[in-house]
Amino acid sequence: MYIVVSRWEPVPGHQAEFEAGGEKMHAFMREQPGIEFFDSFMSENGQVVVIHAYRDRETYDRLINAPDSAFNRKLKEVNLEQHSRWLGSERGETRFPGVLAGRNAAVSMS
C-alpha cells in the first residue's frame, strides 16, 4: 500500500469555497478504483491534513501524477486551486501491510 499525507490551507477569505471543494474532492476520490483509504482532519494549526492510501505506487501515479489524471481534472472542475494552497506531502510504501485497512495482521518490528 502506498500512503500519502498532504497538507492544505484555504486562501484567506476563501474558507467556504475551500470546504465545499474539499467535500467534492473527498467524494470523488473515495470512488476511484485502487484507493484503499481517504480522509482528512483539521489540524490544531488550522491546516487540513489529508491521508490517502492507494493499492500501490502505480495506482497513485495514475490517479494523481499523470498529466491528465482523474485528480487533476476534478481539481480544475471544482476550482480548488483558486481557493486553497497545497503545502506539501509525505509519501511512501507501508511498512506493515494490512494494518491501515483494519486487518488483524501480525506486525513484527524485526
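The chain is numbered in sequence order, starting from 1. It should be emphasised that the depicted structure is a prediction, and the values quoted were computed from it without experimental measurement.
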Mind checking salt bridge (charged side-chain N to carboxylate O under 4.0 Å, His left out) for Glu23 and listing every partner two or more places apart, or none if nothing turns up? none
Can you name the residues that form a side-chain hydrogen bond (donor to acceptor under 3.5 Å, both in side chains) with Glu58, not counting sequence neighbours? none
Just verifying a value: how many Å separate Lys76 NZ and Asp68 CG, rounded to the nearest 0.5 Å? 7.5 Å
Ring pair (Phe, Tyr, Trp, His ring centres under 6.0 Å) partners of residues 15-36, not counting sequence neighbours, each pair once: His26-Phe38
Using the rule that Ile, Leu, Val, Met, Phe, Trp and Tyr join whenever any side-chain heavy atoms are under 4.5 Å apart, tell me whether Val5 and Leu80 fall into a single cluster. no
What's the separation between atom CD1 in Ile35 and atom CG in Leu63, rounded to the nearest 0.5 Å? 5.5 Å
Can you name the residues that form a side-chain hydrogen bond (donor to acceptor under 3.5 Å, both in side chains) with Ser89, not counting sequence neighbours? Ser6, Trp86
May I ask whether Val49 and Trp8 are part of the same hydrophobic cluster, defined by side-chain heavy atoms of I, L, V, M, F, W, Y residues being less than 4.5 angstrom apart, directly or through others? no
Taking the side chain as everything from C-beta on, heavy atoms only, tell me whether Gln47 gets closer than 4.5 Å to Leu87. yes
What distance separates Met25 CE from His52 NE2, expressed to the nearest 0.5 Å? 9.5 Å
Looking at Glu93, I want to see if its CD is surrounded by more than 12 non-hydrogen atoms of other residues, nucleotides or ligands under 6.0 Å. yes
Rounded to the nearest 0.5 Å, what separates atom CZ in Arg7 from atom OG in Ser43? 7.5 Å
With no hydrogens and no angle check, just 3.5 Å: does a side-chain donor-acceptor pair link Tyr2 and Arg55? no
With sequence neighbours excluded, what pairs up with Asp61 under the side-chain hydrogen bond (donor to acceptor under 3.5 Å, both in side chains) test? Arg57, Asn65
Ile64 reachable from Val78 in the ILVMFWY side-chain graph, under 4.5 Å edges: yes
My understanding is that only residues two or more places apart in sequence, or in another chain, count here; which of them pass salt bridge (charged side-chain N to carboxylate O under 4.0 Å, His left out) with Glu9? Arg85
Flag yes if more than 12 heavy atoms outside Lys24 fall under 6.0 Å of its NZ atom; otherwise flag no. no
